[in-house]
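Notes follow the structure.
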Amino acid sequence: MISRFPGRPALRALLATVLCTVSMGMADARAATTPAGWPGPGQLFVGTCYQPIDRTPAQIDQDIAIMKHAGFTVVRMGDLSWDSFEPAQGKFTFDWFDAILGKMQAAGIRVILDIPGTPAPIWLHRAYPGVDIVNQAGARLPPAERYMDNISDPDYVREAGLLAEALSKRYAHHPAIIAIGYDNEIGNGFMSYSEADRQRFITWLRRKYGTIDALNKAWATQRWSRRLNDFQDVDLPLADGPGPAERYLDLHRYWSDVAIDRLRELDTIRRRAMPDLPSISNLWDNAPRRGFDYLSTYKSYVSYGAEGFYPADPISGAFGALMTKGDLPTPIWFNEFTAGGGGDYGTPGRSRMYAYLGLLLGAQGILAWTFNSHLGGEEQALFGLVDHDGTASWKVDEFGRIATEFKELAHYGFPRYTHPEVAVAYSFESAIASHPNGPSSTTWQYFQGAYGDMVQGAFEPLFRANIDTAIINIGHDTLAPYKLVLIPADYVMDAASAKAVREYVQNGGTVLMTGYSAKVDEHAQWFDTPLPGRLSDVFGLKTNAFYRSEAPLAYGLGSSSTTTTTHYYEVLVPTTAAVLATFDNTPDHTPAITVNKFGKGTALYLATEPAPSAIAPILRRAYDLAGVRPGPQTPEGVYARVVDGRTLYVNTTPETQRIPIQGAKTGLVSHRRYESMLVLGPQEAELLP
């Protein structure tokens with residue numbers, strides 16, 4: 001805060017230089033072009049997920065009639081149905097699916113064909129016991145639940161590939177097929193602990209480290225007499241603990257690579273058999289059981305970012321959707337879209353509101369999960385569009401309304417092809433390494449709070465300010481298109497990420513890093529250099545010491561003061577950085593925010609965790625430094641974006657909201673006339689010219 005240091009002209013000069021710095025020229029985020037035949041500009045799709053294996057031919061005809069009447073244009077089929085296509089090994093049956101595809105085509109409904117590599121059928125488990133999961137205690141587990149398949153087993157890999165080949169060749173030129181999906185929710189699978197799995201892990205370690213000495217160093221095996229004399233001394237680390245962070249991180253990397261290998265194999269088959277069709281897959285990369293490193297690898301098997309969209313609230317829903325998009329130039333698809341939920345019949349208007357929120361984010365397709373309410377199985381109390389007795393619920397009408405409105409809105413610049421000026425860093429490895437398996441790991445005692453929640457906390461003020469944002473892995477996606485990059489609580493600072501940040505700032509970019517960042521290297525070992533590791537000179541400070549205050553931290557910035565919700569703070573020792581703000585309630589009033597000029601760019605550091613209350617004030621300053629354009633001004637809970645000169649507003653609150661506007665306008669959604677004030681009812685949306 002400049003006014004606190006009136007006797008320091010050098011500081012004032014530095015800050016004046018920083019404030020006047022013109023942001024470096026940025027390349028256009030990407031042209032909104034897609035290959036011919038792929039879903040593209042001016043096309044919006046509304047439909048549902050459909051499991052015809054549960055339905056009789058007469059019911060299927062009735063279901064398709066309901067879909068057609070509702071105006072649905074797409075369905076997703078095939079997932080979770082391996083043994084319907086291949087009831088016995090090598091014996092494929094396609095006639096039943098051919099007939100349904102023909103009926104969908106006749107009704108004007110396109111199909112995403114989901115290759116059902118998970119769960120594997122019982123015959124595969126019986127023929128090849130290596131497909132069974134073995135738990136940490138060494139016990140074989142039967143495939144009692146979906147996804148209890150060992151996808152690292154070579155027999156599984158071969159048979160899943162044969163299924164994919166058969167489906168791809170069969171439907172390579174079917175006019176109803178619009179896209180291919182892979183292995184529904186592959187990230188939600190189980191780890192396995194068989195001897196064969198241990199040997200595959202050892203092979204992976206040999207490729208990664210080369211020598212046993214390199215592995216010993218990476219795993220810090222000198223601690224507690226854990227030194228390895230040979231690769232055969234390696235045990236599979238325990239996902240449920242105990243064990244040190246280094247091994248835990250490599251365990252998750254290994255299983256991540258297994259999932260990614262399966263996806264790349266499937267995409268190779270698609271490219272060979274169906275090169276004119278894109279992949280649109282529901283992968284669930286951040287599933288708690290296993291997950292995988294999506295944002296470091298997604299461009300090698302993803303054409304459109306897609307996910308199951310079941311938001312608890314607008315901010316977490318938007319954050320999750322943007323994590324599936326990364327920096328892909330294509331729109332977002334919601335391959336499963338909230339229509340109720342487990343034990344939740346649904347609330348009128350909620351799905352439509354979230355459909356418009358998705359449209360605001362850059363969505364192109366929404367597919368309700370699910371069409372039929374299931375009569376049996378684990379999801380029998382998950383309520384779809386059609387009730388258990390086969391009759392259409394009010395939800396069919398709501399999704400039909402969405403389909404009708406989206407058909408019209410497609411003429412007004414939808415789907416949005418976004419060009420974010422701001423990126424937020426997210427790291428699979430930071431998520432894993434910051435929370436290794438306990439109970440004896442002191443990392444749990446240090447890194448308090450979930451890493452994903454912290455990244456979302458940094459994202460929240462951006463979303464509330466109606467600023468388009470990309471969620472990326474900064475070591476794998478280029479930073480060049482962005483004026484501002486946020487690095488919130490990025491615990492692992494690998495060499496590639498550090499190099500990218502250094503070059504970005506040196507070339508004129510603006511970064512904002514927060515507490516908990518750059519503490520450990522790519523082996524999950526603490527840096528033996530000044531922190532933030534690999535970037536201390538970029539930020540012009542050292543931040544090795546930290547404490548926790550009894551009262552929530554407070555600081556002043558400019559003429560405003562902020563009381564945060566955080567207690568953790570780092571003691572910043574500036575070298576070349578200038579202090580922008582100090583904490584009001586820490587001993588010695590330690591620096592809260594610093595700014596450093598490095599090369600042509602600017603590096604800001606926030607000395608606490610990225611809770612919205614703590615990061616929002618410095619973000620507003622960072623927008624000015626970086627030249628980030630503000631979004632439309634809206635009340636709390638109302639979000640807006642400008643689309644081809646028109647503004648889309650979405651009220652996510654249960655109350656009527658009023659937004660001042662210039663003159664008189666007619667809404668393109670409601671066709672209502674507004675004079676000087678847009679009045680949005682609860683969960684309503686409007687597009688104004």
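At least one cation-pi condition fails for Lys325 and Tyr298: the charged atom is not both under 6.0 angstrom from the six-membered ring centre and inside a 45 degree cone around its axis. With a 6.0 Å cutoff to the six-membered ring centre and a 45° limit on the axis angle, Arg270 does not count as a cation-pi contact of Tyr182.
In this structure, Ile53 and Leu80 have side chains that are not in contact, with every pair of non-hydrogen atoms separated by 4.5 Å or more. Residues Met104 and Arg110 form no side-chain contact, since every pair of their non-hydrogen atoms from C-beta on lies 4.5 Å or further apart. Side-chain contact between Trp255 and Ser152 is present, with heavy atoms from C-beta onward closer than 4.5 Å. For the pair Tyr171/Phe94, a side-chain contact is recorded, criterion being any heavy-atom separation below 4.5 Å from C-beta on. Under the 4.5 Å side-chain criterion, counting only non-hydrogen atoms from C-beta, Thr118 is not in contact with Arg262. Looking at Pro278 and Pro35, their side chains never come closer than 4.5 Å, going by heavy atoms from C-beta outward. Side-chain contact between Arg200 and Asn150: present, with at least one pair of heavy atoms (C-beta onward) separated by less than 4.5 Å. Counting only heavy atoms from C-beta outward, the side chains of Arg76 and Glu336 approach each other to under 4.5 Å.
Within 6.0 Å of atom NE2 in His388, more than 12 heavy atoms from other residues, nucleotides or ligands are found, so the atom counts as buried in its surroundings.
Checked by atom type and distance alone, the side chain of Thr370 pairs as donor or acceptor with a backbone atom of Cys49 at under 3.5 Å. Thr324 places a side-chain N or O within 3.5 Å of a backbone atom of Ala321 that can act as its donor or acceptor partner. Within the 3.5 Å criterion, the main-chain N or O of Asp240 finds a donor-acceptor partner in the side chain of Gln136. Using a distance-only test at 3.5 Å, with no hydrogens or angles considered, a donor-acceptor pair links the side chain of Thr73 to the main chain of Val46. With hydrogens and angles ignored, the 3.5 Å screen pairs a side-chain donor or acceptor of Gln62 with a backbone N or O of Gly390. Looking only at distances, no side-chain donor or acceptor of Gln43 sits under 3.5 Å from a matching main-chain atom of Gln364. Looking at Ser434, its side chain does come within 3.5 Å of a backbone N or O of Ser430 through a donor-acceptor pair.
Shortest non-hydrogen contact noted between Ile402 and Ile366 is CG2-CD1, 3.8 Å. Taking all atoms of both residues into account, the shortest heavy-atom contact from Ile122 to Pro143 is CD1-CG, 3.7 Å. The shortest heavy-atom contact between Ala287 and Gly187 is CB-O, 3.4 Å. Considering all non-hydrogen atoms of both residues, Pro116 and Ser81 come closest at CB-N, 3.6 Å. Contact between Leu277 and Ala172 at its shortest, heavy atoms only, is CD1-O, 4.4 Å. Heavy atoms only, all atoms of each residue included: Gly384 and Ser373 are closest at N-OG, 2.8 Å.
The structure places OG1 of Thr418 at 7.5 Å from CG of Leu322, a figure rounded to the nearest 0.5 Å. The CG atom of Leu382 lies 8.5 Å from the CG atom of Asp344; values are rounded to the nearest 0.5 Å. Atom-to-atom distance recorded for Tyr254:OH and Phe201:CZ is 8.5 Å, nearest 0.5 angstrom. The structure places OG of Ser296 at 10.0 Å from CZ of Arg253, a figure rounded to the nearest 0.5 Å. Rounded to the nearest 0.5 angstrom, Ile109 CD1 and Ile178 CD1 are separated by 12.0 Å. We find the CG-CD distance between Asp83 and Gln89 to be 13.5 Å, quoted to the nearest 0.5 Å.
Ion pairing between Arg247 and Asp250 fails under the 4.0 Å rule for side-chain N and carboxylate O. In this structure, Asp95 pairs ionically with Arg170, as a charged nitrogen and a carboxylate oxygen lie closer than 4.0 Å. Ion pairing between Asp63 and Arg55 holds under the 4.0 Å rule for side-chain N and carboxylate O. A salt bridge is absent between Arg350 and Glu398; no separation between the charged side-chain nitrogens and carboxylate oxygens falls under 4.0 Å. The pair Asp397-Arg401 fails the salt-bridge criterion, with no side-chain N (NZ, NE, NH1 or NH2) lying under 4.0 Å from an Asp/Glu carboxylate O.
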Report the C-alpha distance between Asp267 and Arg271 in whole Å, list the side-chain angles of each, state the deciding distance to 0.1 Å, and finish with yes or no for salt bridge (Lys or Arg N to Asp or Glu O under 4.0 Å). CA-CA 6 Å; Asp267 203 60; Arg271 291 174 186 271; 2.7 Å; yes
Intermediate values then yes/no, side chain to side chain contact (heavy atoms under 4.5 Å, CB included), Thr652 and Met353: CA-CA 7 Å; Thr652 66; Met353 178 271 284; 3.7 Å; yes
Could you walk me through whether Ser279 and Ser303 pass the side chain to side chain donor-acceptor pair (under 3.5 Å) test, one step at a time? CA-CA 5 Å; Ser279 61; Ser303 306; 3.2 Å; yes
Could you walk me through whether Leu328 and Tyr304 pass side chain to side chain contact (heavy atoms under 4.5 Å, CB included), step by step? CA-CA 7 Å; Leu328 288 167; Tyr304 297 73; 5.9 Å; no
Go through the steps for His125 and Asp149 under the test side chain to side chain donor-acceptor pair (under 3.5 Å), then give the verdict. CA-CA 8 Å; His125 283 269; Asp149 313 307; 2.7 Å; yes
Check against side chain to side chain contact (heavy atoms under 4.5 Å, CB included), Gln456 and Ile315: CA-CA 8 Å; Gln456 183 180 308; Ile315 292 168; 4.0 Å; yes
Report the C-alpha distance between Met323 and Tyr294 in whole Å, list the side-chain angles of each, state the deciding distance to 0.1 Å, and finish with yes or no for side chain to side chain contact (heavy atoms under 4.5 Å, CB included). CA-CA 9 Å; Met323 280 187 65; Tyr294 173 85; over 6 Å; no
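Ring orientation note: the planes of His435 and Phe447 are nearly perpendicular, at an angle over 60° on the 30°/60° scale.
Results of the ring-ring contact (aromatic ring centres under 6.0 Å, His included) test with Phe406 over Phe399, Phe72, Tyr356, Phe45 single out Tyr356 as the only residue that passes. When the options Asn184, Asp183, Asn335 are evaluated for a side chain to side chain donor-acceptor pair (under 3.5 Å) with Asn282, the one that passes is Asn184.
In this structure, the ring of Tyr128 has its center no less than 6.0 angstrom from the ring center of Tyr156. A centroid separation of 6.0 Å or more is found between the aromatic rings of Phe334 and Tyr354.
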